[in-house]
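Atom set for the values below is all heavy atoms of this structure, side chains included, hydrogens, waters and symmetry mates excluded. We're numbering straight along the sequence, starting at 1.
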Amino acid sequence: MPRVFLLRRCASTLQTGSNALARMPGWQLNGMATTISEACSAIRQQRPDIVACDLNLPDGRIDRLAQECQLWPERSQLLLLADSADDLHLFDALRWGANAYCIETGNGEGLIKGLRRLAAGRAAMTPLIAQQTLALFGLGRSRMAEAQASSAARDISDVSGGLAPGLLKAEQHLLSLVAHGLLSPEICAHWDLQESELERRLLAIYGRLHALLKHTQSDDRISA
């Protein structure tokens, strides 16, 4: 039974999230909070499977919790609740440790979809996030003809340029297609993949971002 902790910016959004979970048989509400400070100790104690959290809380942005979670021996997955896929803070939170995001529609349906997708090991990605990810790894976009080829989905050569652990060529191709604005069904058609597999690859790319951050921080400590 997946256990969910809700971290929302006010009582009304907490109630919306709680109502949404009540419509999900087999899911359990593990706790609630409206501030990062209140949530940190509760999450460490209760160890929920997923923390569904707003990007901005009364005492700061969720980046703070994402960074703290990276240091915990046992960490929950973070699902970001955004008002828009174009929110400029989305990438920062994903980079610092959040696992996925969903767009909250105000009735809890976005939360339900996001929770089920993350629990299944899947995630979504916007063209802007794909562009930002490529830039962070110091990579350009693959040529469209190359990225669309079915063989591109199976290219496991490393393109990290020394960043460890780095992106695979297939992941660079996927980021390139997303960055160009192709939708998941279009990419699946080119690559002959199920959409569920494509979304699992997107979730893995977010994991690459977290690993890159840890590697960069480790290098910084050595340099110091």
* **Min side-chain heavy-atom separation Leu118-Tyr101 under 4.5 Å** => no
* side chain to side chain contact (heavy atoms under 4.5 Å, CB included) assessment of Arg116 paired with Ile112 -> CA-CA 6 Å; Arg116 286 176 173 160; Ile112 292 173; 3.5 Å; yes
* Cluster check Leu55, Phe5: I/L/V/M/F/W/Y, side chain < 4.5 angstrom -> yes
* With the threshold set at 4.0 Å, does a side-chain nitrogen-carboxylate oxygen contact exist between Glu104 and Arg8? -> yes
* Side chains of Glu38 and Thr34 in contact at under 4.5 Å (non-hydrogen atoms) -> yes
* Asked: Is there a side-chain contact between Leu94 and His210, using heavy atoms and a 4.5 Å cut-off?
  -> no
* To do: Would you check if the side chain of Arg3 reaches a backbone N or O of Gln46 as a donor-acceptor pair within less than 3.5 Å?
  => yes
* Asked: Going by an N to O cut-off under 4.0 Å, is there a salt bridge joining Lys113 and Glu109?
  -> no
* **Basic-acidic side-chain contact under 4.0 Å: Asp63, Arg95** => no
* **Minimal non-hydrogen separation, Met32 against Ser18, with atom names** => SD-CB, 4.4 Å
* Asked: Any link between Tyr206 and Leu128 through a network of hydrophobic side chains (Ile, Leu, Val, Met, Phe, Trp, Tyr) touching at under 4.5 Å?
  -> no
* Verdict with supporting geometry, Leu182 and His190, side chain to side chain contact (heavy atoms under 4.5 Å, CB included) -> CA-CA 10 Å; Leu182 271 70; His190 286 296; 4.0 Å; yes
* Please round to the nearest 0.5 Å and tell me the distance separating atom OG1 of Thr13 and atom CG of Leu81. => 9.0 Å
* **Side-chain donor/acceptor of Arg141 to backbone N/O of Leu177, under 3.5 Å** => no
* Given the rule in the side chain to side chain contact (heavy atoms under 4.5 Å, CB included) test, do Trp27 and Ile50 qualify, once you have shown the distances and angles that lead to the verdict? -> CA-CA 11 Å; Trp27 289 69; Ile50 299 174; 4.2 Å; yes
* **Heavy-atom side-chain contact between Ile187 and Leu174 under 4.5 Å** => yes
* Asked: Which atom pair, heavy atoms only, marks the closest approach of Ala100 to Ala123?
  -> CB-CB, 4.0 Å
* Arg9/Asp83 salt bridge by N-O under 4.0 Å criterion -> yes
* Shared hydrophobic cluster for Leu7 and Leu80 (ILVMFWY, side-chain gaps under 4.5 Å) -> yes
* Asked: Short question: side chain of His173, backbone of Arg143 - any donor-acceptor pair under 3.5 Å?
  -> no
* How many angstroms lie between CZ in Phe91 and CH2 in Trp96, if you round to the nearest 0.5 Å? -> 11.0 Å
* Structure fact -> Output for pair (Ile103 CD1, Leu111 CG), nearest 0.5 Å, gives 12.0 Å
* To do: Verify side chain to side chain contact (heavy atoms under 4.5 Å, CB included) between Thr126 and Asp86, making sure each step is shown before the conclusion.
  => CA-CA 8 Å; Thr126 67; Asp86 298 322; 5.7 Å; no
* Side-chain donor or acceptor of Arg61 paired with backbone N/O of Asp92 under 3.5 Å -> no
* Can you tell me if Asp59 uses its side chain to pair, donor with acceptor, with the backbone of Thr35 under 3.5 Å? -> no
* To do: Can you see which heavy atom on Leu167 is nearest to which on Asp158, and at what distance?
  => O-OD1, 3.6 Å
* To do: For the pair Ser176 (side chain) and Ser142 (backbone), establish whether a donor and an acceptor sit closer than 3.5 Å, ignoring hydrogens and angles.
  => yes
* Of all heavy-atom pairs between Val178 and Met125, which one has the smallest distance, and what is that distance? -> CG1-O, 3.8 Å
* **Side-chain donor-acceptor contact under 3.5 Å, Asp192 with Ser150** => no
* Look up atom CZ in Arg44 and atom SG in Cys69, then write down how far apart they are to the nearest 0.5 Å. => 9.0 Å
* Does the side chain of Val51 reach to within under 4.5 Å of the side chain of Leu79, using non-hydrogen atoms? -> no
* Asked: Which atom names give the shortest non-hydrogen contact between Pro127 and Gly181, and what distance separates them?
  -> CG-CA, 4.1 Å
* Would a 4.5 Å heavy-atom cut-off, applied to side chains only, mark Gln77 and Asp49 as touching? -> no
* Nearest heavy-atom neighbours spanning Leu65 and Cys40 -> CD1-SG, 3.6 Å
* Asked: Rounded to the nearest 0.5 Å, what separation is found between the CG atom of Leu168 and the CD atom of Glu171?
  -> 4.0 Å
* Any link between Met144 and Leu175 through a network of hydrophobic side chains (Ile, Leu, Val, Met, Phe, Trp, Tyr) touching at under 4.5 Å? -> yes
* **Side-chain donor/acceptor of Trp191 to backbone N/O of Ala147, under 3.5 Å** => yes
* **Side chain proximity check, Ser41 to Gln45, heavy atoms < 4.5 angstrom** => no
* With a 4.5 Å limit on heavy-atom distance, are the side chains of Gln172 and Leu134 in contact? -> yes
* To do: Please round to the nearest 0.5 Å and tell me the distance separating atom OG of Ser196 and atom CG of Leu198.
  => 9.0 Å
* Under a single-linkage definition using a 4.5 Å side-chain heavy-atom cutoff for Ile, Leu, Val, Met, Phe, Trp and Tyr, are Ile43 and Leu14 assigned to the same hydrophobic cluster? -> no
